[in-house]
Amino acid sequence: FSGDSVVTLLDYGAGNVRSVRNAIRYLGFDIKDVQTPEDILNAKRLIFPGVGAFAPAMDVLNNKGMAEALCTYIENDRPFLGICLGLQLLFESSDENGPVKGLGLIPGVVGRFDSSNGFSVPHIGWNALEISDDSEILDDICNRHVYFVHSYRAMPSDKNKEWISSTCSYGDRFIASVRRGNVHAVQFHPEKSGDVGLSVLRRFLLPKSTLTKKPTEGKASRLAKRVIACLDVRTNDQGDLVVTKGDQYDVREQSEENEVRNLGKPVELAGQYYKDGADEVSFLNITGFRDFPLGDLPMLQVLRYTSENVFVPLTVGGGIRDFTDANGRHYSSLEVASEYFRSGADKISIGSDAVYAAEEYLRTGVKTGKSSLEQISTVYGNQAVVISIDPRRVYLKSPDDVEFKVIRVTNPGPNGEEYAWYQCTVNGGREGRPIGAYELAKAVEELGAGEILLNCIDCDGQGKGFDLDLVKLISDSVSIPVIASSGAGCSDHFSEVFNKTNASAALAAGIFHRKEVAIQSVKGHLLKEGIEVRM
Ligand code: 1PR
C-alpha cells in the first residue's frame with residue numbers, strides 16, 4: 001500500500017460493511033483492515049462503520065483492546081470518520097439493550113426514537129440536515145437529502161453542543177453528525193446516500209486544498225417519500241437470470257411459447273435506476289421459494305456487481321428460510337441472509353417464511369426467537385429486515401363472514417360486495433393461507449420486522465394504481481414504515497398513495513422496465529404536488 005491512497009477500516013466483523021468498502025474503492029482508495037490495536041494507532045485516516053447492536057460492538061472493541069486505541073487515536077485529533085453506530089459508540093452510553101457503556105468521548109446517552117408521536121421507527125429514508133458552518137465534510141450536502149436507517153439516536157445538549165456539526169429532525173431533533181478538528185462522525189450512511197454521500201467521503205479522504213465548495217442546490221427540509229425500483233428476478237427457460245414482470249404474478253408471455261417475460265439484465269437495470277434517481281433498488285428472487293438461493297450463485301453475483309456501483313440501499317428477497325440440501329447439509333435462514341448481506345444487500349426481505357412465523361406466533365402467543373425473521377433481526381437489527389406481503393383481495397357480502405380484519409371497500413366487488421379481507425399467500429401467490437394482511441403486519445412488527453413491503457396480487461402489473469384501501473389499512477395499523485407496491489401506472493398514482501395513505505415509500509416495476517414513466521418524472525411530479533422527495 002502506498003501511504004496517501006490507503007484508508008484504514010475498522011471492521012469488527014459484526015455485519016455488512018461491504019458498501020463502505022465499495023464506496024472507498026469507487027473513490028480510488030485502497031483499504032487496510034484493522035487487525036490489532038496498533039493498526040488503529042498507526043492509521044493515517046480511519047473509517048469506522050459501526051454495524052449491528054451497541055452492546056456486542058462495545059464487547060468486541062473492549063475484548064480486542066481496540067476501545068482504548070480508538071480513544072487515544074481520537075483524543076490525539078487524528079483523521080477519523082465514524083458512521084452510524086460508529087457515531088453512537090463515541091457517546092457515554094446507549095439504551096440499546098442497556099444501559100451499555102460507550103467510549104465516553106462525547107457527553108450524552110444514545111436513546112431510542114419514540115414511536116408514540118406518530119413517527120415510524122426505525123427512522124428509514126432520506127432526510128434533510130441542519131448543518132452548522134464549520135462542518136467541512138458536509139459542505140456539499142447543502143440542502144439535499146442523506147440516507148438514514150436507525151432506531152437509536154443521540155440528542156443535542158449543552159454538554160455536547162461543541163461537538164455538533166449537524167442535526168436532523170424526525171419527531172425529535174437529534175444529532176446527525178459531530179465534528180471536532182479532524183474527528184468526524186455521521187449518523188447517516190454516506191455510502192448509501194448517492195452522489196451526495198460519496199462527496200462526504202471524498203471530503204474526508206482528500207486534502208482540503210483539492211476541494212471546492214459547491215453552490216447550494218436542492219431544498220430538503222424533512223424526511224422524503226421514497227421511490228423504489230423493484231426487479232423481480234428469475235432464471236428463464238434458457239437458464240439466464242433475467243428481470244421479469246408479471247400480471248397478477250403470472251410472469252409468462254401469453255403466447256404459444258409461454259416464455260418467461262424478459263425485461264432486461266438485473267445489474268444493468270439496477271445501475272440505470274440508480275442513475276435515474278431511484279431511492280432504493282429491490283431484487284426479488286421470485287422462484288427462491290422452490291430453488292435454494294445459495295445454490296443460486298448468479299443472484300449473489302448480481303448483488304456483488306450491483307453494489308460496486310450503486311450507492312443507494314439494496315434489498316434482496318426470495319428463499320430466505322431454513323433449508324436442507326440434497327446432501328443433507330442444513331443451512332439456517334440466518335446463513336442464507338448473511339450470504340446476501342455479504343454479497344452487498346443492505347436489507348433482506350422475507351415473504352413465505354414470515355407468514356408461517358406469524359401464523360405460529362398468533363396461534364401460540366409465544367415468540368420463540370427461532371423464526372427467520374426473529375433470528376435475522378436479532379443479529380442484523382430490525383432495520384435490515386423487510387417483510388414482503390403478497391395478499392389477494394377476497395370480497396365479502398358481510399363484515400362478519402370471516403374472523404380476519406375486514407374493511408369496507410371503496411369500489412364494490414363484481415357482485416356488489418361492499419367488504420373485503422386481504423388473504424396472505426405464500427410461494428409467489430400460489431397458496432392462500434389462513435391469515436390476513438392486517439394480522440400478518442401486526443404480528444411481524446411484534447416479531448421484529450423493520451419495514452413492510454406491501455404488494456397486492458390483484459393490482460400487480462395492472463397499471464391502475466395502488467390498492468389504496470389496503471395501503472391505508474396497513475400503514476395506519478403499524479408503526480414501522482410501509483412500502484406501497486403493485487399497480488403503479490403513472491405519476492399520479494404515486495402522489496395519490498402518498499396523499500391518501502401513510503405509506504413511507506412507493507415501489508414500482510413494470511412502468512420503469514417498459515420505460516413508460518421515468519423515475520425523475522415521478523419525482524418531479526411529486527415535488528410539484530408539494531410532496532418532499534430526494535431530487
Ligand atoms: O416467499 O420469501 O421466497 O419471497 C418471494 C418474493 O418474491 C416475495 O417478495 C414475493 O412478493 C415475490 N414474488 C414471488 N412470485 C412473484 C411473481 O410475480 N410471480 N413477485 C413475486 C412479486 C411483486 C412486486 C412487483 C410489484 C410492482 N412481485 O415486487 O414488483 O407488484 O409491480 P408493478 O409496478 O409492475 O405493478 P419468499
Side-chain angles (χ1 to χ4, degrees), residues 7 19-20 22-24 26-27 29 45 47-50 79-88 90 123-150 153-154 156 161-170 172-227 274-275 277-280 310-313 346 520 523 527 532-535:
V7 178
S19 24
V20 177
N22 283 336
I24 294 171
Y26 182 87
L27 293 171
F29 289 82
R45 35 175 123 64
I47 296 188
F48 181 28
F80 173 87
L81 176 62
I83 298 173
C84 195
L85 189 64
L87 172 142
Q88 296 179 7
L90 304 181
H123 170 219
I124 296 183
W126 299 81
N127 213 330
L129 304 182
E130 198 156 294
I131 301 174
S132 68
D133 284 342
D134 61 348
S135 58
E136 197 177 282
I137 64 165
L138 310 186
D139 276 356
D140 292 335
I141 297 181
C142 300
N143 295 317
R144 295 184 288 172
H145 295 92
V146 289
Y147 186 77
F148 287 90
V149 47
H150 58 134
R153 82 282 180 259
K161 66 179 182 220
E162 277 144 32
W163 277 91
I164 299 172
S165 54
S166 71
T167 57
C168 176
S169 177
Y170 187 71
D172 311 312
R173 180 156 285 284
F174 66 89
I175 297 177
S177 65
V178 292
R179 184 225 169 152
R180 192 154 84 183
N182 293 313
V183 175
H184 304 265
V186 293
Q187 178 60 65
F188 57 89
H189 287 267
E191 77 284 10
K192 286 287 146 190
S193 297
D195 282 351
V196 178
L198 292 176
S199 78
V200 172
L201 291 172
R202 197 179 288 115
R203 282 191 174 272
F204 173 69
L205 295 173
L206 291 174
K208 284 174 213 149
S209 57
T210 61
L211 299 163
T212 49
K213 183 156 177 158
K214 281 197 186 157
T216 306
E217 45 175 299
K219 349 179 219 222
S221 67
R222 55 180 192 274
L223 187 71
K225 296 288 185 181
R226 287 172 279 155
V227 175
Y274 169 60
K275 287 193 198 127
D279 296 317
E280 284 182 40
V310 171
F311 297 105
V312 292
D346 300 289
Q520 278 305 333
K523 291 188 152 186
L527 203 61
E532 181 133 350
V533 285
R534 174 184 77 107
M535 292 307 284

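Note that the numbering runs from 1 along the sequence shown for the chain.
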Short side-chain to backbone donor-acceptor contact, Asn182 and Pro79, under 3.5 Å
no
Ser177: side-chain hydrogen bond (donor to acceptor under 3.5 Å, both in side chains) partners, not counting sequence neighbours
Ser165, Ser166
Nearest heavy-atom pair of Pro313 and Trp126: which atoms, and what distance?
CD-CZ2, 4.3 Å
Considering all heavy atoms of both residues, which atom of Leu198 and which atom of Leu27 are nearest to each other, and what is their separation?
O-CD1, 3.8 Å
Determine, step by step, whether His145 and Met535 satisfy the side chain to side chain contact (heavy atoms under 4.5 Å, CB included) criterion, reporting the C-alpha distance in whole Å, the side-chain angles of both residues, the deciding distance to 0.1 Å, and the verdict.
CA-CA 8 Å; His145 295 92; Met535 292 307 284; over 6 Å; no
How far does OG of Ser19 sit from CZ of Phe311, to the nearest 0.5 angstrom?
8.5 Å
So which pairs with a foot in residues 190-201 pass salt bridge (Lys or Arg N to Asp or Glu O under 4.0 Å), sequence neighbours left out?
Lys192-Asp346
Working to the nearest 0.5 Å, report the span between CZ of Phe204 and OG of Ser199.
14.0 Å
Correct closest heavy-atom pair for Leu90 and Val178 would be CD1-CG2, 4.4 Å
Set of side chain to side chain contact (heavy atoms under 4.5 Å, CB included) partners for Arg173, sequence neighbours left out
Glu130, Thr167, Ser169
Please step through side chain to side chain contact (heavy atoms under 4.5 Å, CB included) for the pair Asp139 and Ile131, ending with a clear verdict.
CA-CA 9 Å; Asp139 276 356; Ile131 301 174; 5.9 Å; no
Under the side-chain hydrogen bond (donor to acceptor under 3.5 Å, both in side chains) test, which residues partner Glu136, sequence neighbours left out?
Arg179
For Lys161, what residues pass the salt bridge (Lys or Arg N to Asp or Glu O under 4.0 Å) criterion, not counting sequence neighbours?
Asp158
How far does CZ of Arg144 sit from OG of Ser193, to the nearest 0.5 angstrom?
11.0 Å
Measure across Pro156 and Ile175 and return the closest heavy-atom pair with its distance rounded to 0.1 Å.
N-CG1, 3.6 Å
Atom CG of Leu129 and atom CG of Asn143: how far apart are they, to the nearest 0.5 Å?
9.5 Å
Can you name the closest pair of heavy atoms from Ala23 and Leu201 and give their distance?
CB-CD1, 3.7 Å
May I ask you to test the Ile83-Ile47 pair for a side-chain heavy-atom distance under 4.5 Å?
yes
Could you go through Phe174 and His150, starting from their C-alpha distance and side-chain angles, then the distance that decides it, and tell me whether this counts as side chain to side chain contact (heavy atoms under 4.5 Å, CB included)?
CA-CA 12 Å; Phe174 66 89; His150 58 134; 3.6 Å; yes
Test Ile124 against Tyr147 for side chain to side chain contact (heavy atoms under 4.5 Å, CB included), laying out the working first.
CA-CA 8 Å; Ile124 296 183; Tyr147 186 77; 3.4 Å; yes
Arg534: side-chain hydrogen bond (donor to acceptor under 3.5 Å, both in side chains) partners, not counting sequence neighbours:
Asp279
Got a sec, which residues hit side-chain hydrogen bond (donor to acceptor under 3.5 Å, both in side chains) with Ser221, two or more places apart in sequence or on another chain?
Glu532
Quick note, ring-ring contact (aromatic ring centres under 6.0 Å, His included) partners involving residues 176-202, not counting sequence neighbours, are Phe148-Phe188
Residues forming a ring pair (Phe, Tyr, Trp, His ring centres under 6.0 Å) with Tyr170, sequence neighbours excluded
Phe113, Phe119, His123
Can you name the residues that form a side chain to side chain contact (heavy atoms under 4.5 Å, CB included) with Val183, not counting sequence neighbours?
Ile74, Asp77, Phe80, Trp163
First locate atom CG of Leu205, then atom CZ of Arg45, and finally report the distance between them rounded to the nearest 0.5 Å.
6.0 Å
Partners meeting salt bridge (Lys or Arg N to Asp or Glu O under 4.0 Å) with Glu162 (sequence neighbours left out):
none
